[in-house]
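Naming convention: chains lettered A, B, ... in sequence-line order (proteins, then strands); numbering from 1 in each chain. Note: hydrogens, waters and symmetry copies are ignored here, and every other heavy atom, side chains too, is used.
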There are 2 protein chains.
Amino acid sequence: MDKQIEIFKALSDATRLKIVWLLTNIDEKICVSEIVEVLEEHQYNVSRHLKILKNVKLVQEVKEGKWVFYYLTPIENEFRQLIQDAIKTIPESQMHNEIKKCKVLLGKREN
Amino acid sequence: MDKQIEIFKALSDATRLKIVWLLTNIDEKICVSEIVEVLEEHQYNVSRHLKILKNVKLVQEVKEGKWVFYYLTPIENEFRQLIQDAIKTIPESQMHNEIKKCKVLLGKREN
DNA sequence: ACGACATATGTGTTTTGGCGCATATGTTTT
DNA sequence: AAAACATATGCGCCAAAACACATATGTCGT
């Protein structure tokens with residue numbers, strides 16, 4: 001059950017849970033600097049938290065030029081699916097500012 | 001999302017996850033000394049971990065004489081339900097010794 | 001009432017985890 | 001090539017969490 005413990009541990013930090021929550025709700029790849037802006041956390045902390053999430057395979061990364069985009073690792077087992085479903089139940093109301101900021105950001109991308 | 005973080009934190013420790021896993025799989029109340037025997041942990045640590053699980057309302061207790069029996073808090077929301085379902089997917093194979101010991105123990109109770 | 005049993009908790013120690021700062025690495029732009 | 005930008009990471013510090021030991025509290029049996 002070590003794998004599962006690592007997942008729970010990864011999700012037991014506010015910044016990391018917010019990142020996974022965001023990725024779950026926007027259903028898009030997002031780069032580090034965007035997360036930094038949305039969550040108003042230091043870049044070095046966001047990078048660190050992303051590394052932790054990557055290590056437990058909750059997220060994956062893809063480099064595009066100077067950016068690194070992160071996205072949810074596609075579901076590969078039932079445990080992950082249920083955890084993901086659980087995160088999906090966390091209401092948007094608690095993340096009003098973040099989701100709004102994020103949508104503005106994603107909109108700007110097109111230009 | 002604080003409540004959810006607290007749940008994840010509570011489940012991100014091996015002893016605590018094992019306790020919840022046991023309660024999920026045996027579907028019975030179980031007392032502290034039985035958990036101590038099954039998990040081979042110190043009594044004072046088991047008591048402490050139970051307190052943490054109780055604080056986040058994952059488990060509840062009922063006193064019966066000199067024993068205190070613990071059991072899963074009845075599901076009250078979707079998040080809890082999905083987390084519980086996720087824990088249910090953790091295979092018994094990783095807990096062979098524990099579940100065996102537990103069943104022997106529960107058997108002895110009848111006598 | 002006393003000893004045995006079951007559980008909880010106070011205290012000190014050690015381990016773990018997150019943070020801030022500085023800096024390294026790599027990429028794009030001019 | 002140099003400057004600007006994007007991301008990652010080494011290091012030291014502090015706080016939270018887990019542990020061990022001792023002990024307190026409460027209950028049962030005799």
Side-chain angles (χ1 to χ4, degrees), chain A residues 1-2 5-20 22-23 28-71 102 105-106 108-109 111, chain B residues 1-3 5-20 22-23 28-56 58-71 102 105-106 108-109 111:
Chain A
M1 64 194 345
D2 291 358
I5 291 173
E6 293 310 309
I7 300 273
F8 285 132
K9 199 173 294 185
L11 295 171
S12 66
D13 169 271
T15 303
R16 290 194 296 268
L17 185 53
K18 282 180 185 174
I19 292 173
V20 175
L22 265 185
L23 289 173
E28 284 210 47
K29 291 175 177 34
I30 185 173
C31 71
V32 180
S33 49
E34 289 172 325
I35 300 175
V36 168
E37 192 170 342
V38 170
L39 299 188
E40 295 178 346
E41 295 280 338
H42 289 288
Q43 175 268 320
Y44 49 77
N45 282 333
V46 170
S47 278
R48 273 199 243 279
H49 285 306
L50 283 168
K51 188 177 186 178
I52 292 173
L53 292 173
K54 196 177 57 176
N55 284 342
V56 299
K57 299 195 177 37
L58 278 168
V59 306
Q60 292 183 323
E61 59 177 33
V62 54
K63 281 197 71 162
E64 289 187 19
K66 59 179 169 180
W67 292 283
V68 180
F69 286 83
Y70 284 85
Y71 57 100
C102 193
L105 256 188
L106 294 181
K108 279 186 189 157
R109 270 194 198 161
N111 312 336
Chain B
M1 66 192 345
D2 291 357
K3 285 258 175 64
I5 291 174
E6 292 310 308
I7 299 274
F8 285 133
K9 197 172 296 184
L11 295 171
S12 65
D13 170 272
T15 303
R16 290 195 295 268
L17 184 53
K18 282 180 185 173
I19 291 173
V20 175
L22 265 185
L23 289 174
E28 284 211 45
K29 292 177 178 32
I30 184 173
C31 71
V32 179
S33 50
E34 289 171 326
I35 300 175
V36 167
E37 191 169 343
V38 169
L39 299 188
E40 295 180 345
E41 296 279 340
H42 289 288
Q43 176 268 321
Y44 49 79
N45 283 333
V46 170
S47 276
R48 281 208 170 83
H49 284 305
L50 283 168
K51 189 177 186 179
I52 292 173
L53 291 173
K54 196 177 57 175
N55 284 342
V56 300
L58 278 168
V59 306
Q60 292 182 325
E61 58 176 34
V62 55
K63 282 198 71 162
E64 290 186 19
K66 57 180 171 178
W67 292 284
V68 180
F69 285 83
Y70 284 85
Y71 58 99
C102 194
L105 258 187
L106 294 181
K108 277 186 191 158
R109 269 195 199 161
N111 311 339

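Between the C1' atom of D:dA16 and the CZ atom of B:R16 lies a distance of 12 Å, rounded to the nearest Å. The distance from atom CH2 of B:W67 to atom C1' of D:dG26 is 13 Å, rounded to the nearest whole Å. Across the protein-nucleic acid pair, B:F8 atom CZ and C:dG17 atom C1' stand 18 Å apart, rounded to whole Å. Atom CD of B:Q43 is separated from atom C1' of D:dC21 by 12 Å (rounded to the nearest Å). Atoms NZ (A:K18) and P (C:dG18) sit 15 Å apart, rounded to a whole Å. B:E37 places its CD atom 16 Å from the C1' atom of C:dT7, with the value rounded to the nearest Å. The separation between B:L50 atom CG and D:dA17 atom P is 17 Å, rounded to whole Å. In this structure, the CG atom of B:L17 is 13 Å from the P atom of D:dA18, given to the nearest Å.
Side chains of B:Q43 and B:S47: a donor-acceptor N/O pair is present below 3.5 angstrom, by distance only.
Distances shown here put every side-chain N or O of B:R48 at or beyond 4.0 Å from the OP1 or OP2 atom of C:dT7. Proximity of B:K63 to the phosphate of D:dG26: no side-chain N or O atom is located under 4.0 Å from OP1 or OP2. Listed pair B:Y44 / C:dT7 fails the phosphate criterion, with no side-chain N or O lying under 4.0 Å from OP1 or OP2. The phosphate of C:dG18 has neither OP1 nor OP2 within less than 4.0 Å of any side-chain N or O from A:H42. OP1 or OP2 of C:dT9 lies within a sub-4.0 Å distance of a side-chain N or O belonging to B:K51. At the phosphate of D:dC19, OP1 or OP2 sits under 4.0 Å from a side-chain N or O atom of B:H49. Between B:N45 and D:dA18 there is no side-chain polar atom (N or O) within less than 4.0 angstrom of OP1 or OP2. Remark: B:K66 is not in phosphate contact with C:dT7, judged by side-chain N or O atoms under 4.0 Å from OP1 or OP2. Phosphate contact (OP1/OP2 of D:dA8, side-chain N/O of A:Y70, threshold under 4.0 Å): present. Proximity of B:S33 to the phosphate of C:dT7: a side-chain N or O atom is located under 4.0 Å from OP1 or OP2.
A distance of 11.5 Å separates CG in A:L11 from CD1 in A:I52, rounded to the nearest 0.5 Å. Atom CD1 of A:I7 and atom CG of A:L58 lie 4.0 Å apart (nearest 0.5 Å). Rounded to the nearest 0.5 angstrom, B:K51 NZ and B:Y70 OH are separated by 9.5 Å.
At a threshold of 4.0 angstrom between heavy atoms, the contacts of B:I52 are confined to the sugar-phosphate backbone, with no base atom among them. B:K9 comes within 4.0 angstrom of sugar-phosphate atoms only, judged by non-hydrogen atoms across all strands, and of no base.
Note on ring orientation: taking the six-membered ring where Trp is involved, the planes of A:W67 and A:F69 are tilted (angle from 30° to 60°).
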